[in-house]
Amino acid sequence: MATIPTERSPDSSVAFLRDGYRFVGRRCDRHGTDIFQARLLLEPTICLRGRPAAELFYDTGRFVRAGAMPKRGQRTLTGRGGVQGLDGAEHADRKAMFMSIMTPTAVRHLAQLFDDEWRARVPTWESGAPVVLYDEVGRMLTRAVCAWAGVPLADSEVDRRTAELHAMIEGPAALGPRHWRGLWGRRQGERWVGRLVDRVRAGTLPAPDGSALRVIAEHRDAHGRLLPRRIAAVEVLNVLRPTVAVDRFVVFAALALHDHPAWRQRVRESDEAAENFVQEVRRYYPFFPVAAARVRRSFDWQGYHFPRGRRVLLDLYGTNHHPALWPEPERFRPERFTGWRGDPFALVPQGGGEHLTGHRCAGEWITIELMKRAVTNLTTTMRYDVPPQDLALSLRRMPALPPSGFVVANVRRTA
Ligand code: HEM
């Protein structure tokens, strides 16, 4: 049996925060493997990257999610008791609930609401004053997803709810104030949505048929029980929060159009080019660094032993940048997706494997559709200047975002 290369440091948590998205990749490169072990948050943890590793990691016969997500992630990003930490039949039931919301018609409807928000907003940017795209898109997505999910939202509430949802996303890998804001965002968010769940159940809030709020509030498990109110709130937030998080991908798309201006024309020419562009944005730019699971029962893989209960991290960023999968991985080249047939274990910004039976992201189609609408708006609905600003993307900051949030100025309507 081969020994898994092991980091000598007594604990690598600080190194993880310091190296950010490159933590796993750097150490794999140093050990000359796609596997190593380190102590993280005082616990031995096996880190993996690459396609065979992704295929292994998404084998639900070998891994479970219960107890895998560190507490600081649960307290801010995901909440406790949601789909992310479930296994087996309970996961299948909860995941089916999510996937029932993601019909092609529903996905198109959300994309249309976002598009309407964008087109309505462009005239207000025409004064010439600079606009921070990240802030604007965050608010547009909050409005669109709340309308879509059956969540009432007064105009006066938009800023506050967007801030809470952003705080949850920023919270897990941060120390100090950014983490505390994450705790605040989650507390406020769960209270807000919990009250809405109560009103739907009492029949005093008529959420539309098939909307996320209605489906989740009325969902019954295999024993015919409604979800506890707090968990229903966690699951509604599992729709609202990540949809608003698409604003980061929209900023990355704007950044890519800025750095590769030839693609402004190409994405307008065909849907295929726009799709390739969006896929490359999802591959190239950093979002979630890793996914976490625990070994269900001991097994051996490629000569390495995985003991029962051991925490395992799959390097999502490193797999999206693995040279064996992606030639010239550090170059932004949307044409690499021309004729790509799809591979559930190669492009994993939103997890890998199957949507229904595994933990792959429930919102991948929504994400792609929203990004395509954003790219269309950035290239056809408006013209803009990109004034001097700090656009440097640090791979040490998780989740990553250019410091300026991508400022545009001198916006002109074109369609
Ligand atoms: C910004 C774009 C998004 C990114 C980067 C993203 C990323 C991810 C990742 C990495 C996972 C975990 C995969 C794993 O545990 O192996 C995940 C799971 C999930 N995502 Fe997303 N996501 C995004 C958008 C969305 C949207 C728009 C929705 C819903 C409307 C959504 C809902 C979910 C849910 C419910 C899960 C849990 C799935 C499960 O545990 O079975 N996500 N996402």
Side-chain angles (χ1 to χ4, degrees), residues 48 53-54 56-60 63-66 68-69 73 77-79 81-88 90-103 106-107 109-111 114 137-138 141-142 144-146 148-149 151 165-166 168-169 172 211-213 215-216 234-253 278 281-283 285-294 312-317 319-320 344-345 347-371 374 398-401:
L48 300 168
L56 172 74
F57 183 85
Y58 284 100
D59 179 347
T60 50
F63 292 98
V64 292
R65 296 305 181 97
M69 164 80 80
L77 183 70
T78 60
V83 62
Q84 294 92 340
L86 301 180
D87 296 296
E90 219 186 334
H91 175 260
D93 174 72
R94 199 77 66 81
K95 191 65 176 284
M97 172 190 83
F98 276 101
M99 298 318 291
S100 76
I101 304 166
M102 313 293 169
T103 62
V107 172
H109 181 210
L110 174 57
F114 175 51
V137 175
L141 284 168
T142 300
V145 72
C146 285
W148 180 74
V151 169
L165 295 164
H166 274 160
M168 293 179 212
I169 298 156
S211 64
L213 179 61
V215 167
I216 295 170
V234 163
E235 299 298 34
V236 174
L237 288 170
N238 268 333
V239 172
L240 307 185
R241 183 199 66 252
T243 304
V244 172
V246 175
D247 56 8
R248 282 173 193 271
F249 271 151
V250 172
V251 166
F252 295 149
V278 162
V281 169
R282 293 197 314 133
R283 182 198 72 81
Y285 289 96
F287 208 126
F288 278 93
V290 293
R294 282 189 190 278
V312 175
L313 299 183
L314 176 70
D315 182 3
L316 301 176
Y317 179 78
T319 303
N320 288 336
F345 303 108
L347 180 66
V348 292
Q350 297 178 236
E354 297 295 323
H355 291 101
L356 251 179
T357 54
H359 284 272
R360 190 182 187 110
C361 174
E364 209 163 4
W365 306 316
I366 284 183
T367 305
I368 292 171
E369 221 32 59
L370 291 173
M371 288 173 72
M398 297 179 289
L401 192 69

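Note that ligands are numbered from 1 as they come in the structure, with each ligand's atoms numbered from 1 the same way. Note that the structure is predicted; figures quoted are calculated from it, not measured.
Close approach to G358 involves these atoms of ligand 1, each under 4.0 Å from a residue heavy atom: 41 (O). Here is the list of ligand 1 atoms found below 4.0 Å of a heavy atom in T243: 27 (C), 30 (C). Residue-ligand proximity, V246 to ligand 1, at heavy-atom distances under 4.0 Å covers atoms 1 (C), 2 (C). Heavy-atom contacts of N238 reach the following atoms of ligand 1: 29 (C), 32 (C) (cutoff under 4.0 Å). Contact atoms of ligand 1 toward Q84: 37 (C), 40 (O) (distance under 4.0 Å to a heavy atom of the residue). Per-residue contacts place L316 under 4.0 angstrom from the following atoms of ligand 1 (heavy atoms of the residue considered): 10 (C). Close approach to F287 involves these atoms of ligand 1, each under 4.0 Å from a residue heavy atom: 1 (C), 5 (C). Below 4.0 Å from some heavy atom of I366 lie the following atoms of ligand 1, by number and element: 27 (C), 30 (C).
When only interatomic distances are considered, the shortest N/O to N/O separation between H91 and ligand 1 falls below 3.5 Å. By the 3.5 Å distance cut-off applied to N or O atoms, Y58 is counted among the residues near ligand 1. Checked by distance only, ligand 1 and K95 come closer than 3.5 Å through their nitrogen or oxygen atoms.
By heavy-atom distance, the residue among P349, C361, A245, A92 lying nearest atom 18 (C) of ligand 1 is C361. The nearest non-hydrogen atom to atom 35 (C) of ligand 1, considering only A362, P399, A293, comes from A362.
When the options R94, R241, K95 are evaluated for a salt bridge (charged side-chain N to carboxylate O under 4.0 Å, His left out) with E235, the one that passes is R94.
Using 4.0 Å as the threshold, R65 has a heavy atom nearer than that to some atom of ligand 1. Using a 4.0 Å cutoff on heavy atoms, G82 does not count as a contact of ligand 1. Using a 4.0 Å cutoff on heavy atoms, R94 does not count as a contact of ligand 1.
Inter-residue side-chain proximity for N238 and I216 is flagged as unmet; no heavy-atom pair is nearer than 4.5 Å. The shortest side-chain heavy-atom distance between P349 and F287 does not fall under the 4.5 Å cut-off.
Looking only at protein heavy atoms, the nearest one to atom 11 (C) of ligand 1 is Q350 O, 4.1 Å. Protein heavy atom at the shortest distance from atom 24 (C) of ligand 1 is T367 OG1, 3.4 Å. Nearest non-hydrogen protein atom to atom 39 (C) of ligand 1 is H359 ND1, 3.4 Å. Scanning the protein heavy atoms around atom 28 (C) of ligand 1, the nearest turns out to be G363 CA, 3.4 Å. For atom 37 (C) of ligand 1, the nearest protein heavy atom (residue, atom name, distance) is V83 CG1, 3.7 Å. Ranking protein heavy atoms by distance to atom 25 (C) of ligand 1, first place goes to P242 CB, 3.3 Å.
A distance of 3.5 Å separates CG of D247 from NE2 of H166, quoted to the nearest 0.5 Å. Taken from CE in M398 to CZ in F288, the straight-line distance is 11.5 Å, to the nearest 0.5 Å.
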